[in-house]
Amino acid sequence: MQLDDRKKKILQAIIRNYLETGEPVGSRTISKYTDLNLSSATIRNEMSDLEEMGYIVQPHTSAGRIPTDIGYRFYVDTMMAEKDREIEEMREVCLQKEDKMDLLLKQVARVLAQTTNYATMISAPQYHRNKLKFIQLSRVDEGQLLAVIMVEGNVIKNHLLSVREQLDDETLLKLNILLNSHLNGLTMEEINLGTIAVLKRQAGIHGEIVSDVLDAVAEAIREEEDLEIYTSGANNIFRYPELADQESASKLITAFEEKKALGTLVQETLAGESNTGIQVYIGNESPIQSMKDCSVVTATYELDEGMKGTIGIIGPKRMDYDRVIGMLKTMMHQLDDLYKKK
C-alpha cells in the first residue's frame, strides 16, 4: 500500500524522534513534531495503520512505537532522494550563475580598459568566512563513504572517506543527524574543541569517522578554488613611454598572461581591504615586482553570501587618480545591481 503524505510525515517524525532519544515514540510526542495539527487519537489511528503495514512496531503493550527495518529503509531512501534532488538543483543554479558571472566580469574588464586606456583586471568572486550548510554521508562500498559537503554560497564539495567497518543504514542516518545538528551554520573557527569532543562522545565507536568528516569539512571550507582572473587592455601600456621600454613592457605583459602575480595582488587587496574598498599602490608600494614602475588602483566588490572579488586598474604613476577611483566606486555598486539581475 502506498503511503499518503500524512502517513509519511508521521513515520518520519517517529523515526527522527527515535533516533534522537532511543525511546519508543507515542502519539502525544508525534503531535508536537508534525505540522498536520492532528489530535492524538487521529495520530494513534495512523500509527496503527503504519504498524499493520510493517513500518513500525510496538515493543510491548502500552509502549510507543519504534521503526522496523522496512521503516528505516523507507526513511533512508526518501531522505537520500530528497537530498540528492536538492543538491542537483543547487548545482544547476550555481552553474547558471557561474556562466552568467563569467560573461559579466569579462565585459567589466573590457569596458574599464576601453574607458580608461589603462590595463585592467577583475577576479571572480571568492567565498569568505564560509559557513557549513549541510553534510550528507552515503555509502560507496564496504570500505568507502562519500561525504557531500555544502558550504555558504551553495558551493558543493565531495570527499571520499576510507572506513574500516561496514556501516548499516541506521548508523549512517544517525551520523548524518548528529553531524548536521551540531555543525550546520558554523564557520570553521566556530567548530571548537568542545564541539568536537561532544560529537566524538556521541558518535561512540564511530568517533574516527567523525574526525575524518571534520577534516573534510575544514578542507571544504578553507579550500580555495583556482582563482579566475579576467584581464583586458594590456597593450594600453604601450601608450605610455615610461612603461613602453622593452624590459618593463615584457614584464607587465608576462604578468597579465601568466596571472600568478595578479593572484598575489588579489589576495593582498582582500587581506588589506580598506573601509572604502579602494586601495592605491604607487610604485614600490605594489606587491608585484613587475609593477614597481606603475600605479595600481584596486577596489573590492562584494556580492551576496560573502562573495568578494577585486577590480584593478594598472597604469603609469601619472594616471588620472580622481577619474579612476570614481569609476571603480561606481563599478563596485553597479556590479551588485547587475549580478542580482542575472
Worksheet item: Any donor-acceptor pair under 3.5 Å linking the side chain of Ser123 with the backbone of Gly309?
Response: no
Worksheet item: Heavy atoms, side chains only, cut-off 4.5 Å: are Thr120 and Thr231 in contact?
Response: no
Discussion item. Counting C-beta onward and ignoring hydrogens, is there a side-chain heavy-atom pair between Tyr118 and Val296 closer than 4.5 Å?
Written reply: no
Discussion item. Could you check whether any side-chain heavy atom of Pro67 comes within less than 4.5 Å of a side-chain heavy atom of Tyr75, counting everything from C-beta outward?
Written reply: no
Worksheet item: Is the shortest side-chain N to carboxylate O distance from Glu208 to Lys200 below 4.0 Å?
Response: no
Discussion item. Walk me through whether Thr310 and Leu262 qualify under side chain to side chain contact (heavy atoms under 4.5 Å, CB included).
Written reply: CA-CA 10 Å; Thr310 297; Leu262 297 180; over 6 Å; no
Practice prompt. Determine, stepwise, if the pair Glu242 / Arg318 fulfils side chain to side chain contact (heavy atoms under 4.5 Å, CB included).
Written response: CA-CA 10 Å; Glu242 62 267 47; Arg318 57 187 174 92; 2.7 Å; yes
Practice prompt. To the nearest 0.5 Å, tell me how far Leu11 CG sits from Asp49 CG.
Written response: 12.5 Å
Discussion item. What's the separation between atom CD1 in Ile314 and atom SG in Cys294, rounded to the nearest 0.5 Å?
Written reply: 8.0 Å
Worksheet item: Who are the side-chain hydrogen bond (donor to acceptor under 3.5 Å, both in side chains) partners of Ser295, not counting sequence neighbours?
Response: Tyr321
Worksheet item: For His182, which of Val210, Leu199, Ile191 qualifies under side-chain contact (heavy atoms from CB on, under 4.5 Å)?
Response: Leu199
Worksheet item: Atom CG of Asn235 and atom CG of Asn117: how far apart are they, to the nearest 0.5 Å?
Response: 12.5 Å
Discussion item. Rounded at 0.5 Å granularity, tell me how far OH in Tyr18 sits from NZ in Lys174.
Written reply: 6.5 Å
Practice prompt. Report yes if some heavy atom in the side chain of Ile56 is under 4.5 Å from a heavy atom in the side chain of Ile15; otherwise report no.
Written response: no
Item to complete: Using atom types as modelled and distance alone, determine if a side-chain donor or acceptor of Asn176 lies under 3.5 Å from a backbone N or O of Leu137.
Response: yes
Practice prompt. Could you tell me whether the side chain of Met291 reaches within less than 4.5 Å of the side chain of Leu252, counting heavy atoms only?
Written response: yes
Discussion item. For Ile177, is there any backbone N or O sitting under 3.5 Å from a side-chain donor or acceptor partner on Ser181?
Written reply: yes
Practice prompt. Please lay out, stage by stage, how Thr42 and Asn45 fare under the test side-chain hydrogen bond (donor to acceptor under 3.5 Å, both in side chains).
Written response: CA-CA 5 Å; Thr42 302; Asn45 290 334; 5.4 Å; no
Worksheet item: Is a side-chain N or O of Ser286 found less than 3.5 angstrom from the main chain of Gly283, in a donor-acceptor match?
Response: no
Discussion item. Do Phe238 and Met121 sit in one hydrophobic cluster, given that two such residues count as connected whenever their side-chain heavy atoms are within less than 4.5 Å of each other, even indirectly?
Written reply: yes
Discussion item. I'd like to know whether Leu167 forms a side chain to side chain contact (heavy atoms under 4.5 Å, CB included) with His206, so could you lay out the CA-CA distance, the side-chain angles of the two residues, the decisive distance to 0.1 Å, and finally the verdict.
Written reply: CA-CA 10 Å; Leu167 303 178; His206 306 300; 3.7 Å; yes
Worksheet item: Taking all non-hydrogen atoms of both residues, which atom of Asp293 and which atom of Leu243 are closest, and how far apart?
Response: O-CD2, 3.5 Å
Fill in: Main-chain N/O of Phe134 paired with Asn180 side-chain donor or acceptor, under 3.5 Å
no
Fill in: Common cluster, Val111/Leu105, ILVMFWY with side-chain heavy-atom separation under 4.5 Å
no
Discussion item. Could you tell me if the side chain of Leu145 sits less than 4.5 Å from the side chain of Val140, heavy atoms only?
Written reply: no
Worksheet item: Linking I/L/V/M/F/W/Y whenever their side-chain heavy atoms sit closer than 4.5 Å, directly or via other members, would Ile282 and Leu328 fall into one cluster?
Response: yes
Response to the item:
dist Asn284:CG -> Lys292:NZ (nearest 0.5 Å) comes out at 5.5 Å
Discussion item. Are Tyr240 and Val280 linked, directly or through intermediate hydrophobic residues, by side-chain heavy-atom contacts shorter than 4.5 Å (ILVMFWY only)?
Written reply: yes
Discussion item. Under the criterion side chain to side chain contact (heavy atoms under 4.5 Å, CB included), I'd like the reasoning laid out for Gln136 against Ile149: C-alpha separation, chi angles, the key distance, then a yes or no.
Written reply: CA-CA 7 Å; Gln136 178 181 308; Ile149 300 166; over 6 Å; no
Discussion item. For Leu112, is there any backbone N or O sitting under 3.5 Å from a side-chain donor or acceptor partner on Thr115?
Written reply: no
Worksheet item: Less than 4.5 Å apart, any side-chain heavy atom of Arg110 and any of Tyr230?
Response: no
Fill in: Contacts of Asp4 that satisfy side-chain contact (heavy atoms from CB on, under 4.5 Å) - sequence neighbours left out
Arg6, Lys7
Worksheet item: How far apart are the closest heavy atoms of Ala216 and Leu161, and which atoms are they?
Response: CB-CD2, 4.4 Å
Worksheet item: What pairs with Ser48 under side-chain contact (heavy atoms from CB on, under 4.5 Å), at least two apart in sequence or on another chain?
Response: Arg65
Discussion item. Between Asn184 (side chain only) and Lys133 (backbone N and O only), is there a donor and an acceptor less than 3.5 Å apart?
Written reply: yes
Fill in: Straight-line distance of Gln12 CD to Asn17 CG, nearest 0.5 Å
13.5 Å
Worksheet, complete the sentence: Shortest non-hydrogen pair, Gly54 vs Ile70, comes out as O-CB, 3.7 Å
Response to the item:
Shortest non-hydrogen pair, Ala119 vs Ala234, comes out as CB-CA, 4.1 Å
Discussion item. Other residues, nucleotides and ligands only: do more than 12 of their heavy atoms fall within 6.0 Å of CG on Asp320?
Written reply: yes
Worksheet entry | Non-hydrogen atoms of Ala255 and Ser290 that approach each other most closely | CB-OG, 3.7 Å
Discussion item. If I compare all heavy atoms of Gln202 with all of Leu178, which pair ends up nearest, and what's the gap?
Written reply: OE1-CD1, 3.0 Å
Item to complete: Compare all side-chain heavy atoms of Val108 with those of Met331 and state whether any distance is below 4.5 angstrom.
Response: yes
